[in-house]
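For the numbers below, each heavy atom of this structure counts, side chains included, while hydrogens, waters and symmetry mates do not. Please read all numbers here as calculations on a predicted model, not as lab measurements.
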Amino acid sequence: MQRTLLASKIHSCTITDANLHYMGSISIDELLLKAVGTIPYEQVHVVNINNGERFITYAIAAAAGSGAIELNGAAARLGVKGDKLIVMTYAQFEASECFKHHPQVVIVNDRNQIIEHKSEIPTGLG
């Protein structure tokens with residue numbers, strides 16, 4: 001049996017732009033993608049902390065060091081510049097792998113610069 005676990009999380013990033021007429025996705029500063037191990041075109045789950053909107057799209061790399069977090073296409077209707085987001089990826093694991101897995105988590109400041117990078121240690125059962 002496989003289970004789906006959190007693989008990565010960019011926590012409390014700030015929307016820097018919304019581009020309604022861009023083909024869909026979310027643009028994320030390449031440094032943030034690399035920090036959590038997310039690759040371009042990988043599926044991401046996005047939660048808007050300000051308005052509670054939740055959606056699934058795919059990540060594309062914005063210029064490294066730009067601090068860009070941009071909602072594109074239809075997703076641009078789900079947040080505005082300044083809103084805070086949580087961007088997550090998930091992965092499939094065999095049951096025997098679950099308690100060895102450590103999600104990659106970055107917490108960022110208001111300019112989307114990493115202030116903390118941690119590998120979550122599993123707790124609870126196991």
Completion exercise
Rounded to the nearest 0.5 Å, the CD1 atom of I86 sits from the NZ atom of K84 at a distance of 11.0 Å

Practice task
Determine, stepwise, if the pair F93 / S96 fulfils side-chain contact (heavy atoms from CB on, under 4.5 Å).
Solution key: CA-CA 8 Å; F93 295 88; S96 62; over 6 Å; no

Completion exercise
Taken to the nearest 0.5 Å, the spacing of N50 CG from E53 CD works out to 11.5 Å

Handout entry: Any donor-acceptor N/O pair, D29 side chain to L31 backbone, under 3.5 Å
Key = yes

Practice task
Any chance you could lay out the side-chain contact (heavy atoms from CB on, under 4.5 Å) test for V46 and V44, step after step, and finish with the verdict?
Solution key: CA-CA 6 Å; V46 182; V44 293; 4.1 Å; yes

Practice task
Spell out, yes or no, whether V36 and V87 are grouped together once hydrophobic residues are joined by side-chain heavy atoms under 4.5 Å, including indirect joins.
Solution key: yes

Fill in the blank from the handout: Note: A18 and G79 closest approach over all heavy atoms is CB-O, 4.2 Å

Exercise for the section: Examine distances only and state if a side-chain atom of H101 and a backbone atom of L6 form a donor-acceptor pair shorter than 3.5 Å. Expected result: yes

Problem - I114 vs I107 side-chain heavy atoms within contact, under 4.5 Å - result: no

Handout entry: Any donor-acceptor N or O pair under 3.5 Å, side chains S8, Q104
Key = no

Practice task
Just say parallel, tilted or perpendicular for the rings of Y90 and H45, cut-offs at 30° and 60°.
Solution key: perpendicular

Exercise for the section: Using a 4.5 Å cut-off on heavy atoms from C-beta on, say whether the side chain of L71 contacts that of N19. Expected result: no

Practice task
Taking all heavy atoms of E42 and all of G37, pick out the closest pair and write down the distance.
Solution key: OE1-O, 4.0 Å

Problem - Pair listing, side-chain hydrogen bond (donor to acceptor under 3.5 Å, both in side chains) test, anchored in residues 55-71, at least two apart - result: none

Exercise for the section: To the nearest 0.5 Å, tell me how far K9 NZ sits from H11 NE2. Expected result: 6.0 Å

Exercise for the section: Kindly work out whether a path of hydrophobic side-chain contacts (I/L/V/M/F/W/Y, heavy atoms less than 4.5 Å apart) joins L78 to I10. Expected result: yes

Exercise for the section: Compare all side-chain heavy atoms of L5 with those of P103 and state whether any distance is below 4.5 angstrom. Expected result: no

Practice task
Not counting sequence neighbours, which residues clear ring-ring contact (aromatic ring centres under 6.0 Å, His included) with F55? List them please.
Solution key: none

Exercise for the section: Report the distance from atom CG of N72 to atom CD1 of I60, rounding to the nearest 0.5 Å. Expected result: 5.0 Å

Problem - C13: which of V106, L85, I49 passes side chain to side chain contact (heavy atoms under 4.5 Å, CB included) - result: L85

Exercise for the section: Using the side-chain contact (heavy atoms from CB on, under 4.5 Å) rule, take N112 and T16 through it: C-alpha gap first, then chi angles, then the decisive distance, then the call. Expected result: CA-CA 9 Å; N112 297 323; T16 58; 3.7 Å; yes

Practice task
Please identify each residue that fulfils ring-ring contact (aromatic ring centres under 6.0 Å, His included) with H117, with sequence neighbours left out.
Solution key: none

Exercise for the section: Mark yes or no for whether T4, through its side chain, and Q92, through its backbone, hold a donor-acceptor pair below 3.5 Å. Expected result: no

Problem - For the student: nearest non-hydrogen atoms of A61 and L33, plus distance - result: CA-CD1, 3.7 Å

Exercise for the section: Measure across T14 and N109 and return the closest heavy-atom pair with its distance rounded to 0.1 Å. Expected result: OG1-O, 4.4 Å

Problem - Single-linkage hydrophobic cluster, 4.5 Å side-chain cutoff, M88 and I69 together - result: no

